[in-house]
Amino acid sequence: MKTIYLLSSSLLLFSLVGKAQTADVSSYDEKLLNWQSKDVSRKTMGTDTYKAYEELLKGKSPKKSIVVAVIDAGIDVNHEDLKDNIWVNKKEIPGNGIDDDNNGYIDDINGWNFLGNSKGKNLDKAPLEITRLYRKLHAKFENKSESEIAEAERKDFAEYQKMKIKISKKQTEAEQQFLQMKQLYSFVSDLYDSLGSMEKTSATTFEEVKNITTSTKPAKKLKRRLVFYGKLGLTKQGLKEGLDHFEAEKTAYYNLDFTPREDIIGDNTDDIRDFNYGNNDVTGPDAFHGTFCAGIIGATQNNSLGIDGIANNVLLMSLRAVPNGDEYDKDIALAIRYAVDNGVKVINMSFGKAYTANKSMVDDAFKYAEENGVLLVHAAGNDNKNIDTTNNFPSDKLLDNSKVTNLICVGASTYHTKKKLPAGFSNFGNENVDLFAPGQDIVSTDVGNTYQVSQGTSFAAPVVSGVAALVWSYYPDLTVAQLKEILLKSATNKGKKKVRIPGSKKKVRFRELSVSDGVVNTYNALKLAEEMSK
């Protein structure tokens with residue numbers, strides 16, 4: 001499930017800043033623009049990417065183009081800052097309606113959409129996995145007491161009862177939060193409209209309000225008020241996205257009667273062999289999340305547009321498999337297999353959930369990627385939880401308790417170098433989170449040649465994917481195990497630093513939050529790759 005905002009438990013304040021309406025990124029604070037690539041300094045915990053290009057890669061050419069698959073909600077493949085780096089299936093003839101390369105997918109030019117049907121209709125919202133699992137158990141256990149349940153089914157019945165309580169609570173919360181957000185949105189929206197009427201503008205974002213030149217005292221006063229709200233995340237655009245989220249929670253995430261998969265695709269989600277579905281619309285109805293990830297990895301560098309991606313010789317494959325809601329295990333498994341079969345070396349996976357229905361499918365796909373030397377980069381999640389002690393799927397731990405060795409789990413860091421280094425929303429874990437990477441206040445590409453600032457471990461993972469692709473492009477003979485070792489060993493070590501535990505004021509040593517004790521570092525990774533390659 002893709003999540004792009006933070007919600008305070010006490011106040012409905014979103015830390016998401018709204019979307020820019022033009023391709024111009026000059027309105028963003030210079031401190032934020034491409035900060036993830038800046039040098040590590042006393043004030044900024046960057047990744048030394050620019051330093052690596054200037055000192056280690058200057059005058060050198062990559063030895064190989066690395067294909068990175070972005071399994072997400074879709075990518076705007078025509079974005080001005082991405083289109084030159086989009087993967088193209090050269091074995092397929094565009095638009096002829098024929099499966100030219102005989103891989104089971106017709107006209108898969110830039111990847112595949114696993115959330116649609118052959119008629120071009122796409123799935124957008126989806127129930128959460130807990131809702132889908134509960135629906136199956138509900139049909140089995142409805143109106144039954146424990147005394148009526150066979151011994152072999154007691155465990156499922158107990159889980160059913162837990163789910164019933166949780167879903168009922170979530171449904172009530174979603175209804176209340178939707179109404180609160182509706183009131184808040186209406187209040188702030190009226191203020192924006194008032195300022196717009198005074199100054200003949202249609203501003204909806206924090207940046208646009210800041211750039212308004214007021215002509216009267218009432219307008220100046222109203223602008224100051226909206227700038228103050230904007231710093232708290234209360235923008236018209238941001239609140240609208242929050243309102244849409246709670247509406248989705250109310251109408252889709254926990255709605256037992258909402259069955260879009262059955263209505264649009266009609267496949268058997270429990271049968272991996274039933275894969276004759278989908279289409280080649282790799283953008284889909286809402287491609288913000290995937291487009292944002294893609295930009296972090298491989299937006300074109302030095303083109304006088306937007307931002308600089310981490311990697312300079314990368315091809316981006318779009319695999320649409322993450323709806324607005326929880327992903328289906330079958331789609332993820334098929335997307336991974338598609339990526340491996342089409343030459344991908346790095347797979348970015350900025351999604352996750354607390355429940356799984358078909359873990360064996362994903363496990364098998366993970367092992368397939370491992371056997372073929374493909375690196376999996378997974379976002380740790382945005383619940384400020386210790387995922388050593390809570391469920392977080394997918395993970396490198398398989399059903400048989402063995403582990404794949406080709407997955408890196410990524411937490412989100414900030415540009416701060418001291419106690420605020422780990423992002424307050426980030427999941428963590430000394431065993432299950434491998435390293436941290438910049439994931440707060442990131443500027444990247446959005447749909448329609450626009451840009452946005454956002455945050456989440458979803459956007460820390462593609463930083464690591466970009467660094468991995470960059471290193472591999474210059475040192476293509478490294479094995480996937482060597483590359484993972486390089487990325488972890490070369491991280492900027494902050495293990496001794498006392499930092500706040502995400503979501504808490506309590507402080508611990510940073511080494512307690514991840515395996516590597518550090519933040520990914522491009523310069524160090526390239527130096528270690530050079531040593532290891534010899």
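When reading the values below, keep in mind they use all heavy atoms of this one structure, side chains included, and skip hydrogens, waters and symmetry mates. Just so it is clear, the structure is predicted and the values come from calculations on it, not from any experiment.
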| request: Starting from the C-alpha separation in whole Å, work towards a yes-or-no answer on salt bridge (Lys or Arg N to Asp or Glu O under 4.0 Å) for K527 and E531. | output: CA-CA 6 Å; K527 285 188 71 175; E531 293 173 17; 5.9 Å; no

Answer yes or no: is there a donor N or O on one side and an acceptor on the other, between the side chain of [X] and the main chain of [Y], under 3.5 Å?
| X | Y | result |
| --- | --- | --- |
| D48 | Y523 | no |
| S413 | P422 | no |
| N406 | L376 | no |
| N430 | R511 | yes |
| D39 | S41 | no |
| D396 | I408 | no |
| T44 | G46 | no |
| T414 | Q440 | no |
| Q301 | G309 | yes |
| T283 | I75 | yes |

| query | So which pairs with a foot in residues 366-394 pass salt bridge (charged side-chain N to carboxylate O under 4.0 Å, His left out), sequence neighbours left out? | reply | D364-K367

Just verifying a value: how many Å separate [X] [atom1] and [Y] [atom2], rounded to the nearest 0.5 Å?
| X | Y | atom1 | atom2 | answer |
| --- | --- | --- | --- | --- |
| S516 | F510 | OG | CZ | 7.0 Å |
| S465 | L470 | OG | CG | 12.5 Å |
| N279 | I265 | CG | CD1 | 9.0 Å |
| I93 | D100 | CD1 | CG | 4.0 Å |
| E241 | Q452 | CD | CD | 5.5 Å |
| S118 | I106 | OG | CD1 | 8.0 Å |

Does any part of the side chain of [Y], heavy atoms only, come nearer than 4.5 Å to the side chain of [X], both counted from C-beta?
| X | Y | result |
| --- | --- | --- |
| N110 | V88 | yes |
| P394 | H378 | yes |
| K91 | N103 | no |
| V404 | L398 | yes |
| P62 | N312 | yes |
| K83 | N78 | no |
| Y474 | L56 | no |
| I387 | C409 | yes |

[X] and [Y]: which non-hydrogen atoms are nearest, and at how many Å?
| X | Y | answer |
| --- | --- | --- |
| L32 | Y415 | CD2-CE2, 3.9 Å |
| N382 | S458 | OD1-N, 4.4 Å |
| G284 | R320 | CA-NE, 3.7 Å |
| V467 | I310 | N-CG2, 3.5 Å |
| F436 | S514 | CE1-CB, 3.8 Å |
| Y328 | T269 | CD2-CG2, 4.0 Å |

| field | Non-neighbouring partners of K60 that pass salt bridge (Lys or Arg N to Asp or Glu O under 4.0 Å), sequence neighbours left out | value |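 Checked K60 against salt bridge (Lys or Arg N to Asp or Glu O under 4.0 Å); zero matches.
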
| task | Determine, for Y277 and R261, whether the Lys NZ or Arg CZ falls below 6.0 Å from the six-membered ring centre while staying within 45 degrees of the axis. | result | yes

| message | Looking at K507, I want to see if its NZ is surrounded by more than 12 non-hydrogen atoms of other residues, nucleotides or ligands under 6.0 Å. | response | no

| query | Near N276 CG, under 6.0 Å, is it more than 12 heavy atoms from other residues, nucleotides or ligands? | reply | no

Is the closest side-chain donor-acceptor distance between [X] and [Y] under 3.5 Å?
| X | Y | value |
| --- | --- | --- |
| T291 | D446 | no |
| S350 | N348 | yes |
| D286 | N324 | no |
| S402 | D400 | yes |
| Q482 | Y475 | no |
| T356 | D329 | yes |
| N427 | N432 | no |

| request: Report the relative orientation of the aromatic rings in F459 and H289; use parallel for angles under 30°, tilted for 30 to 60°, perpendicular for over 60°. | output: tilted

| request: Applying side-chain contact (heavy atoms from CB on, under 4.5 Å), run through N313 and I66 and close with a yes or a no. | output: CA-CA 7 Å; N313 196 32; I66 301 298; over 6 Å; no

| query | Restricting to pairs with a member in residues 60-90, which pass ring-ring contact (aromatic ring centres under 6.0 Å, His included), not counting sequence neighbours? | reply | H79-Y451

| request: Might you work through the side-chain contact (heavy atoms from CB on, under 4.5 Å) test for V480 and W472, ending with a clear yes or no? | output: CA-CA 9 Å; V480 66; W472 237 341; 4.1 Å; yes

| side-chain hydrogen bond (donor to acceptor under 3.5 Å, both in side chains) partners for K359, two or more places apart | D363

Please tabulate, one pair per line, all N/O donor-acceptor pairs under 3.5 Å involving side-chain atoms of residues 335-346, not counting sequence neighbours.
| residue | atom | partner | partner atom | Å |
| --- | --- | --- | --- | --- |
| Y338 | OH | D108 | OD2 | 2.6 |
| D341 | OD1 | Y368 | OH | 2.4 |
| N342 | ND2 | Y338 | O | 2.8 |
| K345 | NZ | G373 | O | 3.0 |

| Salt-bridge criterion met for D270 and K136 (N-O under 4.0 Å) |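 A salt bridge links D270 with K136.
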
| Quick one: do R132 and D326 make a salt bridge, cutoff under 4.0 Å? | no

Give every donor-acceptor pair under 3.5 Å between a side-chain atom in residues 492-503 and any protein atom, sequence neighbours left out.
| residue | atom | partner | partner atom | Å |
| --- | --- | --- | --- | --- |
| T492 | OG1 | N521 | ND2 | 3.0 |
| N493 | OD1 | G495 | N | 2.8 |

| request: Kindly determine whether N391 and Y355 satisfy side-chain contact (heavy atoms from CB on, under 4.5 Å), including the steps that lead there. | output: CA-CA 7 Å; N391 286 332; Y355 292 82; over 6 Å; no

| Test side-chain contact (heavy atoms from CB on, under 4.5 Å) applied to T300 and N85, step by step | CA-CA 7 Å; T300 305; N85 295 333; 3.3 Å; yes

| message | Determine whether Y105 and N89 satisfy the following criterion, side chain to side chain donor-acceptor pair (under 3.5 Å), listing intermediate values before the conclusion. | response | CA-CA 11 Å; Y105 302 97; N89 183 0; over 6 Å; no

